[in-house]
Number of protein chains: 2
Amino acid sequence: MEVQTRHSTRRDAVLECLRKHHDHPTADMLYNEIRRDYPNISLGTVYRNLNFFVEHGEAVRIPVTDGQTRFDGNVKPHFHFRCSSCGALLDLNLEDERQLEESLDHPKTDFKGSITGYDLVFTGLCKDCLKKKKETA
Amino acid sequence: MEVQTRHSTRRDAVLECLRKHHDHPTADMLYNEIRRDYPNISLGTVYRNLNFFVEHGEAVRIPVTDGQTRFDGNVKPHFHFRCSSCGALLDLNLEDERQLEESLDHPKTDFKGSITGYDLVFTGLCKDCLKKKKETA
DNA sequence: ATAATTGCAAAGAGTTTGCACAGCA
DNA sequence: TGCTGTGCAAACTCTTTGCAATTAT
């Protein structure tokens with residue numbers, strides 16, 4: 001009862017575009033960019049394919065409390081930072097990644113369910129917004 | 001230029017109801033409960049007051065990738081768990097909280113902006129959903 | 001009296017979906 | 001030919017907002 005998936009230029013374009021960008025684009029950002037190559041692609045198709053990729057483990061949703069859902073084509077574990085001023089969503093390299101990953105992957109707890117993952121986004125001001133803030137202070 | 005805030009029974013009701021619950025309710029959950037005491041309160045008022053509390057540091061939004069925004073009246077740092085099956089959002093007690101908090105509060109990085117906080121939600125199956133899964137396996 | 005707060009309903013933003021058609025296997 | 005994927009637009013969900021009425025100070 002497997003559902004067959006079939007080759008499609010639109011789906012390829014969405015995944016390629018998602019992987020090309022490291023700014024964790026929204027569906028709308030991808031739509032506007034892909035439209036340059038496929039002028040009649042629809043926003044619905046972009047959403048459908050993004051959801052397809054998330055279901056098939058080829059992309060992840062990054063949770064944010066406001067605005068549109070951000071997608072990431074890099075499914076390897078890594079950390080994110082979100083600027084609370086401009087909304088930019090960036091990859092964040094930590095020096096003690098191994099240790100933090102260990103703590104997050106295997107949290108010590110008496111919780112009776114099963115913990116299989118986590119969503120983590122650091123917040124603050126990005127370089128540019130921090131600079132602007134200092135200038136106006 | 002300070003904006004005065006004025007006492008209001010509706011606002012009190014929203015905050016009281018939010019604090020009473022430890023299940024990180026949505027605006028709608030609160031609305032339906034508060035309506036029992038104030039039948040003509042509107043959903044807009046609930047949203048307005050929740051936003052007011054978030055702005056004034058009396059509540060926080062918990063980021064989730066799907067469904068409605070969850071609110072928490074407990075603004076002291078603590079950890080959350082979300083069941084990917086039933087959507088329940090629970091407080092999570094960890095045994096090594098101090099150490100993890102330290103790593104998260106002061107991440108070692110060469111990032112040029114300023115990191116001031118983080119959003120973290122552990123995911124997996126809650127006790128009940130884990131049980132159900134085992135039974136049907 | 002003055003301005004903050006509310007109820008109501010409409011508007012807005014983001015995302016999903018039904019349907020007929022296109023296109024891969 | 002089958003059935004998957006798409007474009008389009010409408011529907012849907014969640015949240016915000018304009019406005020006139022209400023209410024606290």
Without decimals, in angstroms, what is the distance between [X] [atom1] and [N] [atom2]?
X: A:Arg6; N: C:dA22; atom1: CZ; atom2: C1'; value: 11 Å
X: A:Phe53; N: D:dG5; atom1: CZ; atom2: P; value: 10 Å
X: A:Glu55; N: D:dG5; atom1: CD; atom2: P; value: 11 Å
X: A:Met29; N: C:dG14; atom1: CE; atom2: P; value: 11 Å
X: A:Ile34; N: D:dG7; atom1: CD1; atom2: P; value: 10 Å
X: A:Arg11; N: D:dT6; atom1: CZ; atom2: P; value: 6 Å
X: A:Tyr38; N: D:dC8; atom1: OH; atom2: P; value: 16 Å
X: B:Asp28; N: D:dT13; atom1: CG; atom2: P; value: 11 Å

Find out whether [X] and [Y] are in side-chain contact, i.e. whether some heavy atom of one side chain is under 4.5 Å from a heavy atom of the other.
X: B:Glu16; Y: B:Ile34; value: no
X: B:Asp119; Y: A:Asp119; value: no
X: A:Asp105; Y: A:Tyr118; value: yes
X: B:Glu33; Y: B:Leu30; value: no

Practice problem: Assess the side chains of B:Arg35 and B:Asn32: does a donor N or O sit below 3.5 Å from an acceptor N or O? | Solution: yes

Quiz item: With no hydrogens and no angle check, do the side chains of A:His24 and A:Asn74 hold a donor and an acceptor under 3.5 Å apart?
Solution: no

Nearest to the side chain of [X], which nucleotide is it out of [options]?
X: A:Arg10; options: C:dA25, D:dT23, D:dT6; result: D:dT6
X: B:His7; options: C:dT5, D:dA24, C:dG7; result: D:dA24
X: B:Thr45; options: D:dT6, C:dA4, C:dG7; result: C:dG7

Between [X] and [N], does any side-chain N or O lie under 4.0 Å from OP1 or OP2?
X: A:Ser8; N: D:dT4; value: no
X: A:Thr69; N: C:dG14; value: no
X: A:Gln68; N: C:dT15; value: yes

Counting any heavy atom closer than 4.0 Å, what does [X] reach on the DNA or RNA strands: base, sugar-phosphate only, or nothing?
X: B:Asn49; result: sugar-phosphate
X: A:Thr26; result: nothing
X: B:Leu43; result: base
X: B:Asn51; result: sugar-phosphate
X: B:Arg48; result: base

Quiz item: Under a 3.5 Å cut-off for both distances, is C:dC24 Watson-Crick or wobble paired, and to whom?
Solution: none

Exercise. By nearest nucleotide on DNA chain D, pick out whichever of B:Thr9 and B:Gly44 is the more 5' one.
Key: B:Gly44

